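Below you'll find the structure, written out as structure tokens, and then a few comments.
Predicted model only: the values in this text are computed from it and were never measured. So you know, we letter chains A, B, ... as the sequences are listed, proteins then strands, and number each from 1.
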Amino acid sequence: MLDLKFIRENFDTVRTMLEQRKMDAPLDQLINADRRWRELMGEAESLRSYQNSVSKKIAELKKTKGDASEQIAEMRQVSQKIKELNESAQVKKSEMDEILVNIPNMPHSSTPVGNSEADNIEVKRWGDVPNFDFAPKPHWELAEALDIIDFKRGAKVAGSNFVLFKGIGAKLERALINFMLDLHVSQHGYTEVSPPFVANRSTMTGTGQLPKFEEDMYRCDRDEANESGDLFLIPTAEVPVTNIFAGEYLDGKNLPINYTAYTPCFRREAGSYGRDTRGLVRVHQFDKVEMVKFTLPETSYDEHERLLTDAEDVVKALELPYRVITLCTADLGFAAAKCYDIEVWTAAEQKFLEISSCSNFEDFQARRANIRFRREPGAKPEFVHTLNASGLALPRVVIAILENYQQVDGSIRIPEVLKPYMGGVGRIE
RNA sequence: GGUGGGAUGGCAGAGUGGUCGAAUGCGGCGGUCUUGAAAACCGUUGUGGCGAAAGUCACCGUGGGUUCAAAUCCUACUCCCACCGCCA
């Protein structure tokens with residue numbers, strides 16, 4: 001969420017930002033509602049102030065057995081008037097809040113301005129794209145031939161784009177999770193957490209998934225009488241992990257705080273029907289290891305770079321060729337100020353596939369979720385900066401391993417670094 | 001699932017209609033004393049909105065209500081604790 005005061009004072013900047021993001025929001029309505037809200041509040045507050053002073057008089061009169069009936073009669077009117085003013089103010093406030101929660105974050109100055117994903121900027125490439133002396137097969141063919149993924153039965157159990165991993169395929173998932181968590185904990189200084197896989201409405205709003213993207217979420221536990229009691233399957237560990245400190249004050253001495261978590265992720269993928277329907281590219285449930293950072297405002301961009309290299313280390317260790325791009329304003333996520341995508345090379349389709357998103361949200365999520373810190377005991381609270389990166393999304397790693405490590409006989413070589421996690425198995429055949 | 005208790009400032013914990021943004025203790029900050037520290041003593045110490053400021057308003061789990069006036073009364077909800085039952 002943007003600071004209302006910031007929008008008031010930087011109206012044109014915010015409007016330009018929306019244009020650059022190819023988004024829209026009723027800014028004029030916001031400003032008008034804001035003006036009216038302040039008027040109504042001002043009126044209500046000065047009346048309230050009067051009411052408070054008269055109330056004290058009434059209290060004194062009552063104590064001395066005096067007659068306060070005149071004051072009480074007057075306050076009855078005043079009280080009614082205050083109530084009306086507050087109600088009108090509340091209407092304006094709700095109007096503002098609804099607009100405000102739907103305004104995206106301000107991109108950082110280093111985020112390139114662009115019109116579409118074509119304007120994303122490639123930052124670097126790493127690794128050699130494999131050369132095959134045969135035609136490489138797509139991962140779904142390899143996986144089915146090796147009997148490590150059963151797409152048909154996954155669909156039977158839950159629906160299309162739900163996946164059943166089997167045998168050494170299931171073990172590969174588990175090995176990847178363990179390898180990634182171990183790497184982040186032992187090499188990169190993260191603390192492992194294992195959060196709930198469901199989140200309530202307030203948590204989902206804190207990181208920015210709600211209210212704008214409710215259609216993409218799996219909602220369960222629908223309670224008509226109590227909407228705030230709704231629970232959602234998490235679309236990413238970012239949601240529960242970032243909200244761990246919602247509403248709290250952190251000690252500035254303890255920042256940055258680095259957490260890593262494995263969770264399954266659930267996404268309806270509403271609006272993406274017909275895209276990437278084959279194989280593992282776009283599924284409704286997938287495993288992911290996530291990294292989340294809580295930092296001081298002044299260090300968040302250094303931490304952002306570190307976060308990127310922490311994610312890259314996973315891809316490097318797996319010896320998968322990849323590139324890093326900086327997302328332009330048109331492609332940048334709702335809550336992010338800056339975002340790098342890591343894209344891994346897929347040998348069959350001969351293209352790069354997003355495997356990690358590495359974002360700095362600055363104080364956008366912290367303001368929504370009310371996550372603050374004090375530099376010194378007793379110092380003024382400030383909002384932390386929050387960041388996160390996938391490290392990594394599992395199915396797409398599996399795609400890359402299957403396609404890039406495939407042999408002419410259809411078997412798959414296991415990356416060296418995974419062998420200890422696979423019980424020494426070096427090849428799927 | 002049942003019964004009972006609870007939710008108050010960074011923490012602990014008082015407060016059952018008006019003088020309560022809220023006692024007290026701990027912690028924090030400043031000071032006195034001390035070579036230094038500890039102890040003791042004194043002072044100070046919540047968050048947010050509006051406002052240029054003075055100031056003012058709001059906030060005692062959350063929402064509604066009663067009242068001239070609510071931390072305090074009523075109501076619904078959420079969460080926590082204890083015990084019982086059931087179950088992994």
Please tabulate, for side-chain N and O atoms in residues 54-61 of chain A, each donor-acceptor pair with protein atoms closer than 3.5 Å (sequence neighbours left out).
from	atom 1	to	atom 2	distance (Å)
A:Ser55	OG	A:Gln51	O	3.1

Practice prompt. Over 60° means perpendicular and under 30° means parallel, so classify the ring planes of A:Phe213 and A:Phe334, tilted if in between.
Written response: perpendicular
Can you tell me, in whole Å, how much space there is between the [atom1] of [N] and that of [M]?
N      : M      : atom1 : result
B:rC80 : B:rC26 : C1'   : 23 Å
B:rA54 : B:rU67 : C1'   : 33 Å
B:rG55 : B:rU44 : C1'   : 22 Å
B:rC74 : B:rC84 : P     : 30 Å
B:rA37 : B:rU47 : P     : 29 Å
B:rC79 : B:rU8  : C1'   : 16 Å
B:rG10 : B:rG61 : P     : 13 Å
B:rA40 : B:rG25 : P     : 12 Å

Practice prompt. Please determine if a side-chain N or O atom of A:Ser79 lies less than 4.0 Å away from the OP1 or OP2 oxygen of B:rA69.
Written response: yes
Worksheet item: Does A:Glu141 have any salt bridge (charged side-chain N to carboxylate O under 4.0 Å, His left out) partners at least two apart in sequence or in another chain, and if so, which?
Response: none
Practice prompt. Apply salt bridge (charged side-chain N to carboxylate O under 4.0 Å, His left out) to A:Arg282 and list each qualifying residue two or more places apart in sequence or on a separate chain.
Written response: A:Glu269, A:Asp276
Discussion item. Give me each pair satisfying side-chain hydrogen bond (donor to acceptor under 3.5 Å, both in side chains) with a member in residues 415-429 of chain A, each pair once, sequence neighbours excluded.
Written reply: A:Asp182-A:Tyr421, A:Ser411-A:Arg427, A:Glu416-A:Lys419
Fill in: Contact list for residues 291-301 of chain A, test side-chain hydrogen bond (donor to acceptor under 3.5 Å, both in side chains), sequence neighbours left out
A:Asn258-A:Lys293, A:Lys293-A:Glu303, A:Glu298-A:Arg375, A:Ser300-A:Asn360, A:Ser300-A:His385, A:Tyr301-A:Glu362
Discussion item. Using a strict heavy-atom distance below 4.0 Å, which residues from residues 83-99 of chain A are in contact with RNA chain B?
Written reply: A:Lys83
For residues 243-251 of chain A, dump all side-chain donor-acceptor pairs below 3.5 Å to protein atoms at least two apart in sequence or in another chain.
from	atom 1	to	atom 2	distance (Å)
A:Asn243	ND2	A:Thr203	O	2.9
A:Asn243	ND2	A:Val239	O	2.8
A:Tyr249	OH	A:Arg372	NH2	3.2
A:Asp251	OD1	A:Lys253	N	3.0
A:Asp251	OD2	A:Lys253	NZ	3.2

Item to complete: Can you tell me which residue pairs pass the ring-ring contact (aromatic ring centres under 6.0 Å, His included) test with a partner in residues 31-87 of chain A, sequence neighbours excluded?
Response: none
Worksheet item: Which residues pass the side-chain hydrogen bond (donor to acceptor under 3.5 Å, both in side chains) test with A:Asp147, sequence neighbours left out?
Response: A:Lys166
Item to complete: Find the runs of at least 3 consecutive base pairs, i with j, i+1 with j-1 and so on, that include RNA chain B, using Watson-Crick or G-U wobble geometry with both distances under 3.5 Å.
Response: B:1-7 with B:78-84, B:10-12 with B:24-26, B:27-32 with B:40-45, B:46-50 with B:55-59, B:61-65 with B:73-77
Atom-to-atom span, [atom1] of [X] to [atom2] of [N] - whole angstrom:
X        : N      : atom1 : atom2 : value
A:Leu231 : B:rU78 : CG    : P     : 11 Å
A:Ile58  : B:rA70 : CD1   : P     : 11 Å
A:Lys56  : B:rC20 : NZ    : P     : 9 Å

Worksheet entry | 5' precedence on RNA chain B between A:Lys62 and A:Gln51 (nearest-nucleotide basis) | A:Lys62
Discussion item. Any carboxylate oxygen within less than 4.0 angstrom of a Lys/Arg side-chain nitrogen, looking at A:Asp302 and A:Arg306?
Written reply: no
Only distances under 3.5 Å count here; give the side-chain donor-acceptor pairs of residues 96-106 of chain A to other protein atoms, sequence neighbours excluded, each with its distance to 0.1 Å.
from	atom 1	to	atom 2	distance (Å)
A:Asp97	OD1	A:Lys93	NZ	3.4
A:Asn102	ND2	A:Glu98	O	2.8
A:Asn105	ND2	A:Ala335	O	3.0
A:Asn105	ND2	A:Phe361	O	3.2

Worksheet item: Along nucleotides 45-60 of chain B, 5' to 3', which nucleotides get a B, which get an S, and which get a -, given that the test is a protein heavy-atom distance under 4.0 Å?
Response: --SSBSS----SSS--
Discussion item. By the definition side chain to side chain contact (heavy atoms under 4.5 Å, CB included), identify the one residue from A:Arg35, A:Glu84, A:Lys92 that meets it with A:Leu40.
Written reply: A:Lys92
